[in-house]
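Below: one structure, written as structure tokens.
Throughout, protein chains are lettered first and strands after them, A, B, ... in sequence-line order, and every chain is numbered starting at 1.
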Amino acid sequence: MAGHNRDIAEQFSRLADLLELEGGNPFRVRAYRNAARTVGGHSRDMAEMLEQDEDLSRLPGIGKDLAGKIRQIVETGHLPLLDKVEQRTPVALSQLMRIEGLGPKRVKTLYEALGIQSLDDLKQAVDAQQVRGLSGFGARTEDKIRQGIERLAGSAARTKLIHAEQIAAPLVAWLKESTGVKDVEVAGSFRRRKETVGDLDILVTASRNSDVMQRFIRYGEAEETVSQGKTRSTLRLRSGLQVDLRVVPQVAFGAALYYFTGSKEHNIAVRKLAQKKKLKINEYGVFRGDERVAGRTEKEVFASVGLPFIPPELRENQGEIEAAANGKLPELVELDDIRGDLHCHTNATDGHHSLEQMARAAQDLGYEYLAISDHSRHVSVAHGLDSKRLEAQIAAIDRLNGKLDGFVLLKSAEVDILEDGSLDLPDAVLKQLDFTVCAVHYKFDLSRERQTARVLRAMDNPYFNILAHPTGRLINERAPYDIDLEQIMQAASERGCFLELNAHPERMDLDDAHCRRAHELGLKLAISTDAHSTSDLELMRYGIGQARRGWLQADDVLNTRSLNALKKLLRRN
DNA sequence: GCCGTTTTCGGCCCGACTGTTTTCAGTCG
């Protein structure tokens with residue numbers, strides 16, 4: 001289901017592709033791309049903002065013209081300019097730009113010289129060796145295009161952060177064994193803790209005679225050397241993930257780390273600031289003319305343009321630069337702020353460990369409390385609990401709490417929200433719990449109106465406390481179900497309910513934009529791992545990363561509270 | 001198409017690597 005914003009962003013981005021192909025003004029192209037990004041990443045619906053008469057041109061990168069175009073799309077579903085451009089330039093051409101090594105210029109040449117419009121056309125031309133004769137193309141380029149077509153067919157999705165970490169760790173260890181190497185850091189979206197990464201950007205500082213670049217190329221997991229230079233090389237690993245290695249002298253470490261951490265949009269914005277101060281920022285430092293004025297640390301780089309250090313998770317050019325300039329950066333929540341986990345499972349349902357094992361593991365993490373929230377009966381595949389079994393678990397928790405010292409197990413349940421919005425366990429047993437975690441586990445395909453009404457009705461139950469994984473998405477696997485989160489968040493706020501930020505790296509649900517919206521609304525979130533085993537409790541750090549990307553501070557998070565403060569917050573009136 | 005402590009025009013980040021060229025355009029990040 002395309003939400004309004006996603007649809008608008010899609011149209012802008014298609015328009016940008018086509019204008020680029022036509023050789024249009026690159027800055028105009030960028031303007032549409034920026035707008036697509038702003039709208040697509042915005043947590044509030046453009047339609048709703050328009051309804052409330054809000055001025056869209058106050059959004060970053062949206063001026064009078066684009067605000068008008070957004071209105072056109074909201075009101076008619078169409079962008080006339082896009083329709084017009086699509087009539088003169090085949091839409092399929094933008095698909096061709098997704099092939100590595102093919103940009104707008106080459107795609108245009110292929111179209112004009114050989115009439116190539118589709119992947120199939122291109123495949124045929126490559127097989128017939130027609131491409132190599134074109135000016136600017138040669139046999140090697142033709143070869144690369146052939147490989148690019150094959151790779152595109154394998155449609156490489158972005159890699160989940162947890163998977164990227166597993167791939168990066170042994171590679172970093174391998175690089176650290178090179179001679180003359182000092183720092184090895186994974187930068188890029190990995191360092192910004194994005195939920196998925198497109199590739200790995202690894203930064204190394206090394207002495208001039210270091211063998212790190214040769215060693216990188218020899219890495220056992222490497223499948224192909226994409227490019228190789230003195231300061232920069234790129235590998236494709238067997239996993240399909242691409243890795244960029246950049247080597248700089250130690251004096252440039254901060255500037256390089258800053259540069260390769262991105263995001264691109266953030267970097268561009270800060271470089272503009274630098275320009276105004278007659279400075280130039282590149283990966284080797286900050287320069288005034290030929291003189292290096294900063295670069296050893298990131299903090300120095302920021303200071304050179306008059307800013308305090310901005311944490312990597314915020315570097316998306318989504319207002320962090322302005323906030324930093326005004327001394328309004330948030331003090332982001334940290335893993336150490338977390339005092340407990342509010343959503344986990346045991347072997348009573350689909351978890352792997354017992355109550356006591358889960359409790360001990362949480363204690364080992366330094367937690368003060370852990371909520372046991374096994375599934376309710378409707379989730380039969382997980383052997384969900386009925387009233388009787390839940391009451392038995394409640395008694396078992398009471399007994400165990402008698403034995404635990406300085407640590408408390410909280411009584412909870414992950415209660416299914418049924419299709420009609422009722423809860424899957426009777427109030428008589430829900431009232432015996434410390435709180436509930438409620439969730440949608442089936443009927444994902446209801447209309448936006450009905451899905452929203454379903455959850456709103458569930459919240460009317462006085463025993464509803466926290467809405468678990470609020471959109472139900474599984475990254476790269478299942479799209480979020482269609483629900484009006486703005487309305488849900490407002491309602492939760494009014495009723496003393498809360499939403500969960502599910503920290504599981506397959507879910508990361510809420511996303512960063514919605515976390516930020518929750519903060520704006522003053523709605524607190526629970527960051528919970530949904531652990532199904534003792535080791536899963538350590539997934540908390542992914543949730544923290546997401547929370548930080550969403551500008552959340554410790555105060556925004558339920559489980560940074562002491563047990564008493566938490567219980568007070570969870571009490572509904 | 002956006003944007004403004006060098007404001008309503010004239011800018012718009014910056015560098016590395018590849019392949020096809022013979023000095024550089026195209027692509028990428």
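- Spacing of P atoms, B:dT22 relative to B:dG29, comes out at 28 Å, to the nearest Å.
- A side chain to side chain donor-acceptor pair (under 3.5 Å) check over residues 271-290 of chain A, counting only residues at least two apart or in different chains, returns the pairs A:Arg246-A:Glu283.
- Looking at heavy-atom distances under 4.0 Å, A:Asp244 makes contact with sugar-phosphate atoms alone, never a base.
- Nucleotide B:dT18 holds its C1' atom 14 Å from the CD atom of A:Gln147, rounded to whole Å.
- With hydrogens and angles left out, the side chain of A:Lys144 and the base of B:dT27 share no donor-acceptor pair within 3.5 Å.
- Contacts of A:Tyr284 with the nucleic acid, taken as non-hydrogen atoms under 4.0 Å apart, involve only primed sugar atoms and P, OP1 or OP2.
- Residue-level contact check: A:Arg246 touches the backbone only, with heavy atoms under 4.0 Å from sugar-phosphate atoms and none from bases.
- A:Gln275 has no side-chain polar atom (N or O) that falls below the 4.0 Å cut-off from OP1 or OP2 of B:dG11.
- A:Gln228 places its CD atom 17 Å from the C1' atom of B:dC28, with the value rounded to the nearest Å.
- The only member of A:Glu298, A:Glu185, A:Glu313 that meets salt bridge (Lys or Arg N to Asp or Glu O under 4.0 Å) when paired with A:Arg191 is A:Glu298.
- At the heavy-atom level, A:Pro104 lies under 4.0 Å from the strands shown only through sugar-phosphate atoms.
- Atoms CG (A:Leu203) and C1' (B:dA16) sit 15 Å apart, rounded to a whole Å.
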Review item, nucleotides 1-3 of chain B N/O atoms under 3.5 Å of protein N/O:
| residue | atom | partner | partner atom | Å |
| --- | --- | --- | --- | --- |
| B:dG1 | OP1 | A:Arg28 | NH2 | 3.3 |
| B:dG1 | OP1 | A:Tyr32 | OH | 2.9 |
| B:dG1 | OP1 | A:Lys69 | NZ | 3.2 |
| B:dG1 | OP2 | A:Arg28 | NE | 3.0 |
| B:dG1 | O6 | A:Asn25 | ND2 | 2.8 |
| B:dC2 | OP1 | A:Gly63 | N | 2.7 |
| B:dC2 | OP1 | A:Leu66 | N | 3.1 |
| B:dC3 | OP1 | A:Gly61 | N | 2.9 |

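- For B:dT21, the glycosidic angle deviates from 0 by more than 90°, giving an anti base.
- Ion pairing between A:Arg473 and A:Glu195 holds under the 4.0 Å rule for side-chain N and carboxylate O.
- Atom C1' of B:dT23 sits at a distance of 15 Å from the matching atom of B:dT18, rounded to the whole Å.
- B:dT20 and B:dG10 have their P atoms separated by 41 Å, with the value rounded to a whole Å.
- Electrostatic pairing of A:Arg315 and A:Glu320 does not count as a salt bridge here, judged by no charged N lying under 4.0 Å from a carboxylate O.
- A ring pair (Phe, Tyr, Trp, His ring centres under 6.0 Å) check over residues 287-332 of chain A, counting only residues at least two apart or in different chains, returns the pairs A:Tyr258-A:Phe302, A:Phe302-A:Phe309.
- If you check every strand for non-hydrogen atoms under 4.0 Å, A:Leu15 touches nothing.
- Following rounding to the nearest Å, A:Leu102 (CG) and B:dG26 (P) show an atom-to-atom distance of 13 Å.
- For A:Lys272, taking side-chain heavy atoms from C-beta onward, the closest of the listed nucleotides B:dT27, B:dT20, B:dC12 is B:dC12.
- B:dA16 and B:dG1 have their P atoms separated by 33 Å, with the value rounded to a whole Å.
- Side-chain nitrogen and oxygen atoms of A:Arg30 include at least one within less than 4.0 Å of the OP1 or OP2 phosphate oxygen of B:dC13.
- Atom C1' of B:dT21 sits at a distance of 15 Å from the matching atom of B:dC17, rounded to the whole Å.
- Of the listed nucleotides (B:dT20, B:dG29, B:dG26), B:dG26 has the atom at the smallest distance from the side chain of A:Lys105.
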Show me the side-chain donor-acceptor pairs of residues 85-92 of chain A shorter than 3.5 Å, one per line, residues at least two apart or across chains.
| residue | atom | partner | partner atom | Å |
| --- | --- | --- | --- | --- |
| A:Glu86 | OE2 | A:Arg14 | NE | 3.2 |
| A:Glu86 | OE2 | A:Arg14 | NH2 | 2.9 |
| A:Arg88 | NE | A:Glu22 | OE1 | 3.4 |
| A:Arg88 | NE | A:Glu22 | OE2 | 2.9 |
| A:Arg88 | NH2 | A:Glu22 | OE1 | 3.1 |
| A:Thr89 | OG1 | A:Glu22 | OE2 | 2.5 |

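- Considering only residues two or more places apart in sequence or on other chains, A:His514 meets the ring-ring contact (aromatic ring centres under 6.0 Å, His included) condition with none of them.
- Residue contacts shown for A:Arg106 are limited to sugar-phosphate atoms, with no base heavy atom under 4.0 Å away.
- Residue A:Lys264 is classed as a base contact, given a heavy-atom separation below 4.0 Å to a base.
- A close approach under 4.0 Å does occur between a side-chain nitrogen or oxygen of A:Lys280 and OP1 or OP2 of B:dG15.
- Taking the P atom of each, B:dC14 and B:dC9 are spaced 25 Å apart, rounded to whole Å.
- A distance of about 14 Å separates the P atoms of B:dC12 and B:dT7, rounded to the whole Å.
- Remark: the separation of the C1' atoms in B:dT8 and B:dC3 is 10 Å, to the nearest Å.
- For A:Glu165, the side-chain hydrogen bond (donor to acceptor under 3.5 Å, both in side chains) partners at least two apart in sequence or on another chain are A:Arg193, A:Arg541, A:Tyr542.
- For the pair A:Ser233 and B:dC17, the criterion of a side-chain N or O lying under 4.0 Å from OP1 or OP2 is not met.
- As the counterpart of B:dT8, no nucleotide is assigned, since no Watson-Crick or G-U wobble pattern has both distances under 3.5 Å.
- The pair A:Arg146-A:Glu150 does not meet the salt-bridge criterion, since no charged nitrogen lies less than 4.0 angstrom from a carboxylate oxygen.
- The side chain of A:Asn282 contributes an N or O atom lying less than 4.0 Å from OP1 or OP2 of B:dG15.
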